[in-house]
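Structure, as structure tokens:
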Amino acid sequence: MVQYNFKKITVVPNGKDFVDIILSRTQRQTPTVVHKGYAISRLRQFYMRKVKYTQQNFHEKLSTIIEEFPRLDDIHPFYGDLLHVLYNKDHYKLALGQINTARNLISKIAKDYVKLLKYGDSLYRCKSLKVAALGRMCTVIKRIGPSLAYLEQIRQHMARLPSIDPNTRTILICGYPNVGKSSFMNKITRADVDVQPYAFTTKSLFVGHTDYKYLRYQVIDTPGILDRPFEDRNIIEMCSITALAHLRAAVLFFLDISGSCGYSISQQAALFHSIKSLFMNKPLIIVCNKTDLQPLDGISEEDRKLVIEMKTEAMKTVIGQGGEPENEEGVLLTMSTLTEDGVIAVKNAACERLLNQRVELKMKSKKMNDFRNRIHVALPKPRDQKERPPCIPQAVLEAKAKQAEEEKRKTEKDLEEENGGAGVYSASLKKNYILASDEWKEDVLPEILDGHNVYDFIDPDILLRLEELEREEGLRQAEEEADDFEMDGEELSPEEQEALAEIRKKKNLLIQQHRMKKSTAESRPVVPRKFDTDRKFTTGRMGRQLSSLGLDPSLAINRARSKSRGRKRERSVERGEADGGDAMDIDGNQASKKLRLRSMSRSRSRSRPPITEVVPGEGLKDSAQKSYSYIETKAPVLWETFHWKDRQALRHEIKLCSEGERSFTFYIKCLFKRFSDCRFCFTSRENNGVTHAVAATGKRFLLDVYWVEEAPPETMSLADADRKNVGPS
Amino acid sequence: MRIEKCWFCSSTVYPGHGIQFVRNDAKIFRFCRSKCHKNFKMKRNPRKVKWTKAYRRLHGKDMTQDSTFEFERKRNRPERYDRNLAENTLKAIKKIDKIRSDRASDHIKNRLKTGKVQRQKEARKQLEQGIHLVKAPLALAQDSSLHLPKIKVNVSQAQTEGNQPMEE
């Protein structure tokens, strides 16, 4: 509610700031650029706008001030009085009035000057009119500067006033200074009021809240009141008086029995009597505080008399309310805030009295009747006369009884503290487990076993199921064995396996060979192979291969040998034979590669011979070949004796001499020049075994071998044989 | 503490291993290692990735349905502890495990049996057809056993000796 929350009032700027704010706003929010060349109406409009804008802003701001500040007549009289006490109603009203007049003045100024501006005939004239208008408005504001400052002060103070709801349940604490009102307040509420030994520690009202029977009560702590005539009271005291006067609350009048506040009981009693008019229609309780210092019974007779007097007064209020004069203890109570003795009792008594009073009032008002008509409590009609008391289980009754007897149960916390405290002792969570057997309480069950969660397997009838499973498994295994037994037939014998392995090996070999032979761009030599460069087609190899297949190779070898022509001394063939010697002598690509490389290199080194070589069965290719080949084929041994350079020259010579068919004698004629000595004799083939053997032997060697003064051993036997045949010649 | 299953490869994830991914629809994906996690992030379907259990089960490589799988079921209601039951359970787990792994290996064996039979037939055929590579039909006619003939080589001793320096 607006009235009780003064914190929302906007800040009131002081005079200078006010002017600055408004003027700068005008400057920013209206167009600033104007030239004297503009149309006159435009100029006028420009300046009129500025004037109007300024006036509007002033009006707005001043209106907000006037509206937000509370009007003392409109708010609750408690607040009205409080504000009056604090700020002086007249001054307050005056200040606001001044603001109002200022507002009106500014409006008038603006109106006048706008009228004048309508007839301004030049930029300069208009401008000076505007300047004058704004100037006058600012002066007005400057004049109300002090009011503005005053209002700002009030606003700040008002914002800090306690938010007291005048209509709700309230308990008011009053009495002399230093009697213990604030400490009582601290005890029953969460308020943290200053408690000091000097008087007038509490300088204004303080609010706290407390609960009683599920209702919230405001507790208001007042500054101390001195016994003075009304007119002499200062502002602080007036605050409490106001509160007392206007708030419909239960009043707790505090009495310091011990006199340690610095005032005697008689003085306090005198105060009581002077303000008792304020206690009209309010539940009053007289509280004797500081009984720890001086119990109530121990005071002197006169003091006691005074106290009794006060009590009777208080009683009057009770009766005055229309309630029965009940327990007299409800009127005069003793307590000590220091020892907290009786504090709660006081609070309860006050709350109770207040509640009763309020309820009664409400009941009396007319509204209640309306309300009461609407309420109807429906009770079920009794079916029969049977008694049906509430049913409380036996265990609960027993527990209640036990609880009443028992001192204090031993809690877990106590156990923990006994055994070494929080860090040392860890409570056994398992000790209250309800299990079939108590021995199982400390059992530790593994959670994980062999990659499975044990909890997933727990099942009350796991044994049964396991048995079933095992039975099934037994059956299944028996079936399987039977199956396996059937299946055994088809294995290969070891011999067969060996054969199969050989077949596979052979096949792999063939494949490999084919892959090597296969003429891809990589494997194809630049110089093509004409003859068997690998030197594979030998009778020896053939013989081995055939015998490995199980056939007798001798016939085949002989036939091949008889048909074979005397080839040139091919050295690499013998070399090939000298290697493994087995049909499978291309074991691994390595050996074959070597062969191939060597054969390739050989083909490279013999640039000419390939042309001259004659493929058996093909015949001579061209005349050149014909011409060269005659010597080379017919007398290869002879041909070989010539150095390769000579061979070249020889060929050339032959070519030059004649074309076409040449006779043997022709060649002799060409060649004999080169020899120192030349002799001819004829030997039949059968007798020429030596030469043949020598040649054969020679073919086997890689490099040139020279037999000097001796012959290869193999030929010796042959030579003997020949000699015999030939006879002396 | 539970052993979980990797969402991708269905292997067991022990506590302290792997990564758990919670999607915005609150579905939890657990992974046993970064391999599976990365595959998942690449949006690969485990049913198409050869080495996962999902693939293997789907394509019949591994055993899918069996009564041993029913023993292991996630139970949400805890049972009251009973020592005998616990003992029996622990023993049963081992037995069930053994039975399950036996059945799984049998399944795989059966699967591979047809291949074995086929291979044997093939071998037999190859033997029949390819015998000519190692034993000439003539020799086979003379001697029908599969005893492989030996190689006969005419190599005289002197020659081989003489060749020794050449071999380098």
Side-chain angles (χ1 to χ4, degrees), chain A residues 433-437 439-440 443 445-460 462-463 465-466 469-470 472-473 476 480 487 490-492 495-496 498-500 502-504 506-507 510 540 543-544 546-551 553 575 578-579 581-583 700-702 713-714, chain B residues 1-3 12 14 67-68 71-75 78-83 85-86 88-90 92-97 99 102-103 106 113 117 120-121 123-124 126-127 130-131 133-136 138-140 142-143 145-155 158-160 162-163 166-167:
Chain A
Y433 278 5
I434 305 168
L435 296 174
S437 155
E439 296 171 342
W440 300 345
D443 265 4
L445 178 64
E447 297 178 29
I448 294 172
L449 180 68
D450 287 347
H452 299 286
N453 292 309
V454 172
Y455 292 136
D456 289 346
F457 280 86
I458 292 182
D459 192 2
I462 195 167
L463 279 177
R465 292 171 67 193
L466 186 63
L469 183 70
E470 292 193 322
E472 253 184 59
E473 185 66 12
R476 193 184 67 84
E480 239 190 68
M487 273 300 299
E490 312 250 321
E491 299 268 330
L492 295 175
E495 243 191 18
E496 288 181 333
E498 227 186 84
L500 189 62
E502 286 290 323
I503 293 174
R504 288 190 175 144
K506 194 71 185 290
K507 230 178 165 172
L510 289 173
R544 281 193 296 263
L546 286 175
S547 64
S548 73
L549 286 176
L551 299 168
R575 196 169 20 92
D579 269 348
D582 205 14
R700 272 194 239 129
F701 293 112
L702 180 58
E714 312 83 83
Chain B
M1 215 75 96
R2 269 188 74 86
I3 290 188
T12 51
Y14 273 79
S67 55
T68 43
F71 280 88
E72 185 171 8
R73 197 178 16 111
K74 181 162 185 200
R75 285 150 231 267
E79 294 266 339
R80 200 177 284 277
Y81 177 72
D82 185 350
R83 190 185 273 185
L85 180 62
N88 292 334
T89 312
L90 291 171
I93 290 178
K94 293 212 187 227
K95 290 197 194 143
I96 292 168
D97 229 3
I99 292 176
D102 280 343
R103 287 192 187 176
D106 280 340
K113 217 188 280 193
V117 166
Q120 277 174 354
K121 275 210 279 209
R124 206 166 278 286
Q126 204 177 33
L127 189 60
I131 194 67
L133 291 172
V134 291
K135 190 162 185 180
L138 207 60
L140 201 59
Q142 293 168 357
D143 162 32
S145 82
L146 282 170
H147 182 71
L148 293 176
K150 290 275 177 340
I151 300 168
K152 297 187 202 123
V153 181
N154 301 333
V155 180
Q159 284 182 0
T160 47
N163 281 335
M166 298 296 291
E167 279 184 22

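Sequence lines set the chain letters: A, B, ... in the order given, protein chains first and strands last, and positions in each chain run from 1.
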Please tell me if the side chains of [X] and [Y] come closer than 4.5 Å, counting only heavy atoms from C-beta onward.
X	Y	result
B/Ile3	A/His452	no
B/Asp82	A/Trp440	yes
B/Lys74	A/Asn453	no
A/Arg504	B/Gln126	yes
A/Glu470	B/Ile99	yes
B/Asp102	A/Glu473	yes

Portion of B/Lys135 that has a non-hydrogen atom of chain A nearer than 4.5 angstrom: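 Contact with chain A involves both backbone and side-chain atoms of B/Lys135.
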Side chain / backbone / both / neither for B/Glu72 at chain A, heavy atoms under 4.5 Å: both
Taking all non-hydrogen atoms of both residues, which atom of [X] and which atom of [Y] are closest, and how far apart?
X	Y	result
A/Gly451	B/Thr12	O-CG2, 3.8 Å
A/Leu549	B/Leu133	CD2-O, 3.4 Å
B/Leu85	A/Pro460	CD1-CA, 4.0 Å

From [atom1] ([X]) to [atom2] ([Y]), nearest 0.5 Å:
X	Y	atom1	atom2	result
B/Phe71	A/Asp459	CZ	CG	8.5 Å
B/Lys95	A/Leu466	NZ	CG	5.5 Å
A/Ile458	B/Asn88	CD1	CG	11.0 Å
B/Arg73	A/Asp456	CZ	CG	9.5 Å
B/Arg124	A/Leu500	CZ	CG	10.0 Å
B/Leu127	A/Leu492	CG	CG	6.5 Å

What part of [X] gets within 4.5 angstrom of chain B, counting heavy atoms only: side chain, backbone, both, or neither?
X	result
A/Pro553	neither
A/Leu510	side chain
A/Leu463	side chain
A/Leu469	both

A/Ile434 backbone acceptor or donor facing B/Arg80 side chain under 3.5 Å: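 Yes; judged by distance alone, with no hydrogens or angles, the pair exists.
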Under 3.5 Å donor-acceptor, A/Glu447 side chain and B/Met1 backbone: yes
Cation-aromatic face contact B/Arg2/A/Tyr455, 6.0 Å, 45 degrees: no
Choice from B/Asp106, B/Leu90, B/Ile96 maximising heavy atom contacts with chain A below 4.5 Å: B/Asp106
NZ/NE/NH1/NH2 to OD/OE distance under 4.0 Å, A/Glu472 and B/Arg103: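 Salt bridge flag = yes for B/Arg103 with A/Glu472.
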Pick from A/Leu546, A/Leu445, A/Ile448 with the largest number of heavy-atom pairs that fall under 4.5 Å of chain B: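 Among A/Leu546, A/Leu445, A/Ile448, the one with the most close pairs to chain B is A/Ile448.
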